Amino acid sequence: MIRAVSHSRQSVGPCIQAQRSHSIHNQVILKDSVDPPDLPNQEHQGLEKNIGNDERGNDESLQARIERLGRERPKVFRSMWAEIAFVFSICNSQIITEFFVSGFTVILPTLIQELDIPQTSSVWPATAFSLAIASTLLFFGRLGDMYGGYPVYVCGMIWLAVWSLIAGFSTSPLMLDFCRALQGLGAAAYLPNGVLLMGSIYRPGPRKNLVFSIFGASAVAGFFVGIFFAGVVGQYTRWGWYFWIGSLLAAITAVSSVFSIPSDSAARRKNGITMDWLGSVLMVSGLTLTVYAITDSSHSPHGWKTPYIPTLLIVGCLLTVAAVYVEGWVAKLPLLPFDVFAIPSMKPLTLALLLNYGTLGIYLLYVTQYFQIFMGATPLQVVAWYTPMILGGLILSTAGGFVLHLIPGKALLVFSGAGWIGALLLFALAPLGASYWAFTFPSTIFATIGIDITFNIANIFITTQMPGERQGLAGGLINSILHLGITFCLGFSDIIQAETIDRLGLLKSYKAIFWFGVADASIALFLMTFFVKIEKAKSDLTADEKRELEQAVLDERRSNAP
């Protein structure tokens with residue numbers, strides 16, 4: 001049943017409210033929980049007093065209650081089965097998205113042949129999907145903050161199901177590109193709002209870590225489902241079935257979501273958030289034109305000398321600069337508030353994630369094509385060769401939910417950064433005819449370490465730092481970084497291939513792309529090692545509760561001022 005949600009998180013708000021009547025000298029701030037940076041340490045002597053009887057009838061310290069709430073099932077779910085149904089519906093969004101990303105790279109050679117797509121334009125069907133997602137994620141995230149994650153999520157899933165069905169009937173490269181872009185709009189609607197719903201319902205703590213780890217593992221499962229069905233379809237039947245199977249998965253998820261996701265529309269509408277239309281138009285237009293110019297520059301008749309390429313690039317850059325100006329100095333409620341990047345470590349983390357996710361895009365597209373072109377793999381062999389990556393990802397993502405509150409996030413990010421480098425370095429060094437066990441197998445293990453750890457930590461960190469009214473922004477930002485990284489790096493990779501293929505040949509042009517990916521990952525590792533600091537993902541106050549507590553302390557100080 002659809003349930004209205006007035007409070008999406010269990011709160012320790014009453015405990016914090018109780019502190020307002022006490023002097024600062026009687027307060028003790030929770031160790032490692034809340035440390036408002038603008039207040040002197042001597043003012044923080046704690047909140048470690050016993051708080052009255054809880055609903056169990058027992059005295060319980062604030063710290064103990066926070067720990068307990070970080071592990072308990074959220075009250076919005078009436079039973080364990082209701083929670084399982086919710087997690088199933090949200091995690092399916094990851095499966096379906098990866099189905100249309102990873103599986104498409106396997107079916108692409110078949111599409112090139114069947115639809116007579118020029119080799120020089122083969123990157124567009126893959127890029128159109130990610131570009132549509134990346135350029136509109138923040139817009140749909142804002143819609144979720146305005147009207148609720150539930151309706152936007154369900155509508156996005158239905159939209160994807162419809163255009164996936166139509167895509168299976170494509171008769172030309174243009175129709176395929178058009179359908180892929182419209183598929184991307186559906187994914188752009190449900191991706192940030194899936195994160196919004198989870199981030200709003202789950203408090204910081206082990207239970208949130210586990211749910212987000214299952215969410216990350218679902219991407220791995222989707223990767224396998226995508227390449228498996230693409231392999232079977234590509235080898236045994238008409239390619240349209242790949243899209244029709246994806247459409248069926250999206251339809252099933254839409255139906256399950258209607259009955260399992262709690263409706264948050266009423267609560268969200270009370271926040272009074274409005275759309276930043278000018279910023280939205282400028283941002284979408286600027287990103288689209290910029291990426292188009294970069295990607296198409298290697299396929300246009302005269303390269304960068306083709307008049308429309310520099311023209312579109314200049315216009316796209318100007319629109320993007322205008323969007324930055326509007327977001328920073330004009331919009332009352334900007335689509336991407338600049339204060340998001342005031343969060344400690346957010347700036348270097350964002351740049352590192354853009355580079356790492358770009359490495360992921362290179363791996364998914366060019367390694368898959370390398371398997372088929374240079375290693376002679378059939379579609380089903382590609383599935384078999386990726387199996388270690390899939391199994392390792394499922395284990396690593398799920399296990400992460402049980403250790404993220406025990407191991408500092410920085411240590412895990414550095415470890416995963418080394419994985420990103422190793423994944424492409426092995427292909428950059430591998431000679432033609434190299435052993436699968438010596439190069440391909442360890443590369444898939446490194447890729448697993450890089451992808452799954454990074455994704456989980458980034459999701460948990462960003463959603464935990466955002467207050468409730470910004471969870472749609474958090475979801476949009478997380479997925480924008482992912483798809484922008486993929487889109488831009490694929491665009492530059494395409495330029496590298498076009499510039500080197502005549503001089504070096506196809507094999508060495510692929511090697512040049514792999515070295516580009518290694519450079520990306522190396523810069524990201526440098527940033528994460530020296531500029532990013534993320535602690536353990538332990539039970540803590542939510543961002544809203546921290547804000548309320550800081551305000552309570554400031555109010556108390558003002559009332560005691562002479």
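Bear in mind that the values here come from a model prediction, so they are computed numbers and not experimental data. Note that the numbering runs from 1 along the sequence shown for the chain.
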**Student:** Go through the structure and list residues passing side chain to side chain contact (heavy atoms under 4.5 Å, CB included) with Trp163, not counting sequence neighbours.
**Tutor:** Trp159, Ile166, Phe178, Cys179, Leu182, Gln183
**Student:** How far apart are the closest heavy atoms of Gly472 and Pro192, and which atoms are they?
**Tutor:**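 So the two residues come closest at O-CB, 4.1 Å.
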**Student:** Taking the side chain as everything from C-beta on, heavy atoms only, tell me whether Leu364 gets closer than 4.5 Å to Leu360.
**Tutor:** yes
**Student:** Find out whether Leu404 and Leu412 are in side-chain contact, i.e. whether some heavy atom of one side chain is under 4.5 Å from a heavy atom of the other.
**Tutor:**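 Yes; the side chains approach each other to less than 4.5 Å.
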**Student:** Mark yes or no for whether Ser265, through its side chain, and Tyr147, through its backbone, hold a donor-acceptor pair below 3.5 Å.
**Tutor:** yes
**Student:** Indicate yes or no for a side-chain donor-acceptor contact from Thr448 to the backbone of Met389 under 3.5 Å, with no hydrogens or angles considered.
**Tutor:**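 Present.
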**Student:** Under 4.0 Å between a side-chain nitrogen and a carboxylate oxygen: does that hold for Lys533 and Glu535?
**Tutor:**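 Result for this pair is yes, salt bridge flagged.
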**Student:** Does any pair with a residue in residues 337-353 pass side chain to side chain donor-acceptor pair (under 3.5 Å), and if so which ones, sequence neighbours excluded?
**Tutor:**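 Listed by first then second residue: Asp339-Arg470.
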**Student:** Closer than 3.5 angstrom, by distance alone: can the side chain of Asp264 be matched with the main-chain N or O of Tyr150 as a donor-acceptor pair?
**Tutor:** yes
**Student:** Regarding Arg207 and Glu83, does a basic nitrogen lie under 4.0 Å from an acidic carboxylate oxygen?
**Tutor:**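 Counted as a salt bridge, because a side-chain N and a carboxylate O are separated by less than 4.0 Å.
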**Student:** Check Pro262 against Leu197 and note the closest heavy-atom contact, atom names and distance.
**Tutor:**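 Residues Pro262 and Leu197, closest heavy atoms: O-CD2, 4.3 Å.
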**Student:** Going through the checks in order, is the side chain to side chain contact (heavy atoms under 4.5 Å, CB included) test met by Leu391 and Phe224?
**Tutor:** CA-CA 9 Å; Leu391 294 177; Phe224 174 76; over 6 Å; no
**Student:** Working note: Arg65 + Glu545, criterion salt bridge (Lys or Arg N to Asp or Glu O under 4.0 Å); need CA distance, chi angles, decisive distance, verdict.
**Tutor:** CA-CA 13 Å; Arg65 187 174 186 184; Glu545 292 162 353; over 6 Å; no
**Student:** Listed by chain and number, what are the side chain to side chain contact (heavy atoms under 4.5 Å, CB included) partners of Phe139, not counting sequence neighbours?
**Tutor:**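 Testing Phe139 for side chain to side chain contact (heavy atoms under 4.5 Å, CB included), a comparison that skips the adjacent residues, returns Leu143, Met275, Trp277, Ser280.
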**Student:** Which heavy atom in Gly184 sits nearest to a heavy atom in Ala132, and how many Å separate them?
**Tutor:**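 That closest heavy-atom pairing would be CA-CB, 4.0 Å.
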**Student:** Is the closest basic N to carboxylate O distance between Glu67 and Arg203 below 4.0 Å?
**Tutor:**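 Salt bridge flag = no for Arg203 with Glu67.
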**Student:** Determine whether Ile453 and Leu413 make a side-chain contact, defined as any pair of heavy atoms from C-beta on separated by less than 4.5 Å.
**Tutor:** no
**Student:** Apply the ring-ring contact (aromatic ring centres under 6.0 Å, His included) test between Phe86 and each candidate in Phe77, Phe259, Trp81; give the one that qualifies.
**Tutor:** Phe77
**Student:** Go through the steps to decide whether Glu72 and Arg68 satisfy the test salt bridge (Lys or Arg N to Asp or Glu O under 4.0 Å), and finish with yes or no.
**Tutor:** CA-CA 6 Å; Glu72 284 185 349; Arg68 172 171 60 80; 3.0 Å; yes
**Student:** Phe129 vs Phe100 aromatic rings, parallel, tilted or perpendicular, using cut-offs 30° and 60°?
**Tutor:** tilted
**Student:** Under a 3.5 Å threshold, yes or no: a donor from one side chain and an acceptor from the other, between Trp420 and Thr454?
**Tutor:** yes
**Student:** Side chains of Thr463 and Lys208: do they bring a donor and an acceptor to under 3.5 Å?
**Tutor:** yes
**Student:** Treating Arg142 as the side-chain partner and Thr274 as the backbone partner, does any N or O pair qualify as donor plus acceptor under 3.5 Å?
**Tutor:** yes
**Student:** Measure the shortest side-chain to side-chain distance between Val367 and Trp385 over non-hydrogen atoms and say whether it is less than 4.5 angstrom.
**Tutor:** no
**Student:** Taking Thr97 for its side chain and Gln94 for its backbone only, find out whether a donor-acceptor pair lies under 3.5 Å.
**Tutor:** no
**Student:** Taking side chain to side chain contact (heavy atoms under 4.5 Å, CB included) as the definition, give me every residue that meets it alongside Ser93, ordered by chain and number, with sequence neighbours left out.
**Tutor:** Tyr153, Met157, Tyr190, Phe215
**Student:** Would you tell me whether Ser130 and Thr487 have side-chain atoms, one donor and one acceptor, within less than 3.5 Å of each other?
**Tutor:**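 Thr487 and Ser130 do not have a side-chain donor-acceptor pair below 3.5 Å.
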**Student:** According to side chain to side chain donor-acceptor pair (under 3.5 Å), does anything in residues 352-364 pair up with another residue at least two apart or in another chain? List the pairs.
**Tutor:**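 Applying side chain to side chain donor-acceptor pair (under 3.5 Å) to every pair that reaches into residues 352-364, excluding sequence neighbours, yields Tyr363-Ser443.
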**Student:** The criterion is side chain to side chain contact (heavy atoms under 4.5 Å, CB included); which residues satisfy it with Phe461, sequence neighbours excluded?
**Tutor:** Ile343, Met346, Leu349, Gln465, Ile534
**Student:** Ignoring hydrogens and geometry, is there a side-chain-to-backbone donor-acceptor pair from Asp276 to Leu335 under 3.5 Å?
**Tutor:**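 Confirmed, Asp276 side chain pairs with Leu335 backbone.
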**Student:** CG/Leu137 to CG/Leu477 distance, rounded to the nearest 0.5 angstrom?
**Tutor:** 9.5 Å
**Student:** Report the residue from Phe99, Phe228, Phe229 that forms a ring-ring contact (aromatic ring centres under 6.0 Å, His included) with Tyr242.
**Tutor:**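 The option that passes is Phe99.
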**Student:** Which heavy atom in Ser102 sits nearest to a heavy atom in Gly222, and how many Å separate them?
**Tutor:**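 Looks like OG-O, 3.9 Å.
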**Student:** Assess, by modelled atom type and distance only, whether the side chains of Arg268 and Ser200 contain a donor and an acceptor separated by less than 3.5 Å.
**Tutor:**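 Yes.
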**Student:** Working note: Arg557 + Leu554, criterion side chain to side chain contact (heavy atoms under 4.5 Å, CB included); need CA distance, chi angles, decisive distance, verdict.
**Tutor:** CA-CA 5 Å; Arg557 286 176 58 188; Leu554 288 170; 4.1 Å; yes
